[in-house]
Structures are given as C-alpha cells and as structure tokens.
Amino acid sequence: MRLSGSELECVRGGKRVFANIGFAVGAGEALLLLGPNGAGKSSLLRMVAGLLRPAAGSLELAGANCDRSLAEQAHYLGHLDPLKSSLSVGENLRFWTRFLGGGRGEGPDEALRVVGLERVGDLPAGYLSAGQRRRLSIARLVAVERPIWLLDEPASVLDADGQALLGEVMRRHLAADGLILAATHAPLGLDPARELRLGAVLP
Amino acid sequence: MNFGPYAAFILAAYSLTTAVVVALILWVLLDYRVQRKLLADLEARGVTRRSEPPR
Amino acid sequence: MTALAALLLRDMRLAVRVGGGALMGVLFFLLVVTMVPFGVGPDLKLLARIGPAILWIGALLATLLGLDRLLAADHDDGSLDLILMGHAPLELAVAAKALAHWLTTGLPLVIAAPLFGIFLNIDGSAIGIVALTLLVGTPALTFIGLIGAALAVALERGGLLLPVLVLPLTVPVLIFGIAAGDAAILNAAPFGAPFLILIALTLTSVVIGPVAAAAVLRHGLD
Amino acid sequence: MEWIALANPSRFLALAERLLPWLAAATALAFAAGLYAAFFVAPEDYQQGATVRIIFIHVPGAWLGMLGWAIMSVAALGTLVWRHPLADVALKTAAPIGAAFTFVCLVTGALWGRPMWGTYWVWDARLTSVLVLFLMYLGLIALWRAIEDPARAARAAAVLTLVGAVNLPIIKFSVDWWSTLHQPASVFRVGGSTIHPAILAPLLVMALAFTLLFATLYVSAMRNEILRRRVRTLRLLQVHAAQGA
C-alpha cells in the first residue's frame, strides 16, 4: 500500500495556503507534517481525508482494495472529539464502531481497555475530562481497523501517560503495515518518521 | 347514591384522576428504587464521598 | 445497512435523552394551538372551521423548531466529518437523520393532534382525518426542512435563515394538507384529490430533500 | 418554616424517612373520609344532578396546581435570595407534581363541562387560566429536561418561576377580560359563597386529602432528587478517579 499526493494546492477564503505540495507514504511508514500555525497542516490532512477539496493536484492510493474510496480507508482524528455528552462512553464508541466499522479491528470493549477507560464505560461522555475525551477518540482508531491514520496534533491535550499510550498505539499500527500522516508540534516518539515541512514563504 | 344520566362522565373523571395519582405514586417508588440501586452499585465499587455527608 | 441503522438509533436515543428535542416539538405545538384562540377569540364554531389550518401551521412550526440543529450539532462536534468518511452514502446518512427527527418530533405531533383538536372543538371523525393528513404530510415538512438544516451548516448564521428559506418550499404541502383537512370538516370539498397530491408531495420531498442536502454539504466543504 | 434547619440533605433524608409513613397513612385516611363524604353525604345538585360530584376532584386539583406554583416560588426565592442548598431540589420536584394536579383539574373540568356545555372544552375564563398555568409547568419541566447539569439549570428555573408567579394574576385578569369580551359569563358559576354547605364540607375534606397526597409525593420526590444528585456526584468522582488510572 502506498499513499501519494502530487502538486496539491489549497485555497481557503480566497487565500492560497500552500501550493504544489507532494508526498509519498508507504505501508509501515509515518510522515510528520511540521510547520508554524496556519501553514496548512490541518488543511492537508482534511484534504487527504476528503473533507476539503484541493484547488489543484491529486491524491493516489496504490495497492489497497480499490472498491473503497480513500476516505473510507482512513481514520481522521481532528482537534474536536466527536462525542455526544448525553450518550455513555460505551454507547459513543459502539456507535462509531458500527458506523465506520468494516468488521475487522479490536472492537469497542477491547479498545476501551487499551485506552484505560473500561471502568467508566457506562458513564455519560459529558463527564469526561479533555484528556479522557481524546483517549476515547484514540479508542475509535483501535476499535475499527483502517489502514490510513490522519492525526491532527493528536497529543495536544494528553498527559504523559496519554502520550505514552498514543505512541504505543501508533507503533502497533505501523507494525501492522499501517500508515500514519500526523501534524504535530510535540515529538510523537516515532523515530523512523520522515518529515514534510509546510509553511515555507510563498512567492 | 345513584349516578344519574351522566354516570359515564363521573366515572371517567374519577378513573382518570386515580390513574394520574397511581402514576405519580409508581413514578416516585420506582425512582426511589432505581436511585438506591445506583447508589449501592457506586458504593460497592468503592466510590465514596470525600466527606460524610456531602457539603 | 447496520451503519444507517446505527445512525438512526443514535439520533433517536439522543433526542429522547436529557438535552434532546423530542417532546419540545409537541409542547411548542400545544402552545401554538392554545395561543390562536386568544387572538381569534373563543368562538367554537370559528375555531372548528379554521381548526385544520391551526393544526397544520402548528405542526410546520414545531417541525422547523429543532431542524436547524439537526446537522449543525454534528458539524460542531466533528461528527459530520466522520459521517462523511463512513461507508454509507451521504444522501442515505442524512435521510436517516431526517427520519430519526421525524420519528421523535413529527410523529408525536400526529399522535397529539387529536387531543389538541379538542381545544379547537374539532369533533371525532374530522380530527381523525386531519391527523391522517398530518401523518402523511409531516414527513414532507421534515425532509424539505433537511435542506435548510444543511444550509445551516454551510453558512455561518444559517440557523436563522432556515425558516425563511424553507417555509416557501413547504407551501404546497400546507395547501394540500389543509385542503384535505377542510374536506373532512366541511365534507363538501373533495378529500381524495388533495390527499393523493399530499402523498405525492411527501414522496418527492423524501427523495429531493436528502439529495439536495447532501449536495449542499459536499459543496459547502470548507 | 423549618427550611433552614433542614439545611443539609442527610438530615432531610432522615426526617423524610420518619415522616413519610405518617404522611401516607394520613393521606389514605383523608381520602377514605373524603370519598365517603363525596359520594354518600353530599346531596345531588338541583341543577347539575350527580355531575356535581366531579367538583370534589376538579376544584382541589385547581387549588393544588396553584399551591404547587406558590411552593415553587418560595423555593425559587430560596435559590436566588437565601441560597438554601435544598431550594433547587424543592423547586425541581414540585413541578411535575403540580403539573399532574393541574392536569387532573383540566381533565375533570372537560369531563364535567361535556354534559353542561355540550363540548369537552370551552374557553371559559377559569379553565383557560388553569390551561396557561399547565403550559407554564410544562415549560419549566422542559427547561430541566434541556440542561443536564442541575446547578446550571437552578438559577434559570428559579428566575422563570418567580416571573411566572408575578404573571399569574395578570394572566388571570386578562383571560377573564378576554372571555367576557367574547362570551356571556359561563352558564354555571361555582363561586365560593354560592356553594351549598352540604357540598362544601366534603369538598374541604377532599381538598385536605389532596393536599396531604401532594405533601407525601413531594417529600418522597425530594428524597429521590437528593439521591439522584448524590449519584451524579459519585459518578463524577468515579470519572475523576479513572483519570488517575
């Protein structure tokens, strides 16, 4: 499996955020998107996830089963944690597992155990702290198996334990021939990761 | 004591009122049992209040 | 199929929980039905004649009440992004959400209509027929409103625009719904023709609504 | 009243446990007496025949509906002015019970009106005012159903209750004026003074029975609400504890 993008250009609100950006990520590899705020890291991730239409350029996914679109084979972890406060922690995760699910993956209960939320499974998600909400989003990545992970500053609200957990989960995903594209400021502990710098001064 | 021609309406009025009162009583009793059970579960799981009784 | 079913069940569960909008529509409907006599006067004969109109307009406003949050709530917490990335086509996902909204808001209106008909002095058989027209017509209101809900996501202050944008689109449903209702009250006018047209309107809006809403969402991707 | 002494919830719970059996017994007794008086002692009314027996639940329902809002207003003051810890609990639990009694008043009013006026609902001044009161109750209950955190809802509900209380007389006056504007005074007039003493006695006993019922339900509902808030606190603690894991 190989995800590549060529001459990608992003225009938002009439302003060009970045132009002719190219990258390629193979199975088992991680690509870190670096650069100042507003450099378009999040926009590039949303573009790969199919949530943002590129002004120019194209994205290819080679080697995966081609009956599923790129977006259907990708997990997107944005700044927001898509949880409904009045649903319980378990209900939220079970919903996303069934909605995004393809059958493979750890499943909701095991995923909750992995992220350390198994004891609060039946409490309303509204009671969770920011760190716990992020862990529940990470549980979504574990519960449903999708090869491509698009992570937008995943470690931003996590404490030390949380970041260790995230690192462990990401390493396990790469070991299983998964592929990670992550925008980050803090080091994610993925030593063999390549980097793509955005936000160079545009002409 | 006869109900006269409008017996149906008197009966309807009293039975509806009884229904509402019984519903209220059931709501209170069931709610009490549910809350006690939840409290018991929580205390069984070792989640105790910081001070006894709570502020 | 389980993905759409999961979405439908989740939305219905959310509507019933604390913070959900399930019975809010019925309460608003009751308020509209109660307010009219204060304006029009307590003359029971007059109220009976304009009964269907009051019930229909009340149902329309009650349906629109919660619609602007239907998609905006998911947009605000990031769920919409994941729904776009699901296996289910967006048209069906949005239709499932609209169906959930109708089941928790529209259907209770239909069930409550006969009870509120008493306030308007609409007698037994007529109120049954008015409720039938509401049962058939309210899905059209929800699915047309769905387009407004999608706009509420795409545009910043779309929520305020919803009624203004959607109400004109619901005029046909209102006209034929009330016409069918009046036929039951006055039983001079024909009932069959407007009722069948109402059914046709509902079927078309059940198709056009989700397709248009999905187009608006896809086009509006920021 | 002894509100201040019941400052902390646990003492209220203890008192409630002791008080409830007596209250329930008194309610049952009062209802037995009231129903006996209503059906066996009270004569039939010369004008309405036996339907006058519906008064014995219709009128107390109206009184209890209004009493409920009065109690809620005191509780609202407790929340806003005296910051009494149990005030919001008292406010929130009184609403459903008050609404239920108001609903009883409306339903029995409609059933009583049917033989009198030929239709279930007549926009008579008193019935309409009670209907508006019922809508205000539902509005408050909808408010609590919309906000998950009781502390946040408390202040809003208290303000809404007091505004409602101030508006009730205004609504009563305007509805009376509105109904006389369009319709001759309703056919049957149940003024306080015109009630025949033989009917007044059972009515008062039934009113007492209803009030005792209200009190019993109210105390037990408050006990439930205190437990419900304790469960919520413990669950928040549990989530916090898991945070440390």
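Reminder, nothing fancy here: chain letters follow the sequence lines and each chain counts from 1.
- No side-chain heavy atom of D:Thr128 sits under 4.5 Å from any side-chain heavy atom of C:Phe119.
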Between D:Trp123 and C:Leu44, does a side chain to side chain contact (heavy atoms under 4.5 Å, CB included) hold up when you go through it step by step? CA-CA 8 Å; D:Trp123 290 91; C:Leu44 292 177; 3.9 Å; yes
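- A 6.0 Å sphere centred on CZ of C:Phe28 holds more than 12 heavy atoms belonging to other residues, nucleotides or ligands.
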Verdict with reasoning, C:Phe38 to D:Val132, per side chain to side chain contact (heavy atoms under 4.5 Å, CB included): CA-CA 11 Å; C:Phe38 289 132; D:Val132 172; 3.9 Å; yes
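- Proximity to chain D (any heavy atom under 4.5 Å) is shown, for C:Leu23, by neither the backbone nor the side chain.
- Of the two parts of C:Ile118, the backbone and the side chain both hold a non-hydrogen atom closer than 4.5 Å to a non-hydrogen atom of chain D.
- Heavy atoms closer than 4.5 Å to chain C are found in the backbone of D:Ile147, but not in its side chain.
- Rounding to the nearest 0.5 Å places CG of C:Leu31 at 8.0 Å from CG of D:Leu138.
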Start with the C-alpha gap between C:Leu120 and D:Trp121, add the side-chain angles, then the distance that decides, and say whether side chain to side chain contact (heavy atoms under 4.5 Å, CB included) holds. CA-CA 8 Å; C:Leu120 304 170; D:Trp121 183 261; over 6 Å; no
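- For residues 91-100 of chain D, the set of pairs meeting the salt bridge (charged side-chain N to carboxylate O under 4.0 Å, His left out) definition, not counting sequence neighbours, comprises D:Lys92-D:Glu225.
- Counting all heavy atoms, side chain and backbone alike, C:Val16 lies closest to D:Arg145 at O-NH2, 2.7 Å.
- Contact between C:Pro37 and D:Trp178 at its shortest, heavy atoms only, is O-CZ2, 3.3 Å.
- In this structure, OH on D:Tyr120 lies 12.0 Å from CG on C:Leu115, to the nearest 0.5 angstrom.
- Judged as a side-chain contact (heavy atoms from CB on, under 4.5 Å), and not counting sequence neighbours, the contacts of C:Pro194 are C:Phe176, C:Ala179, C:Ala180.
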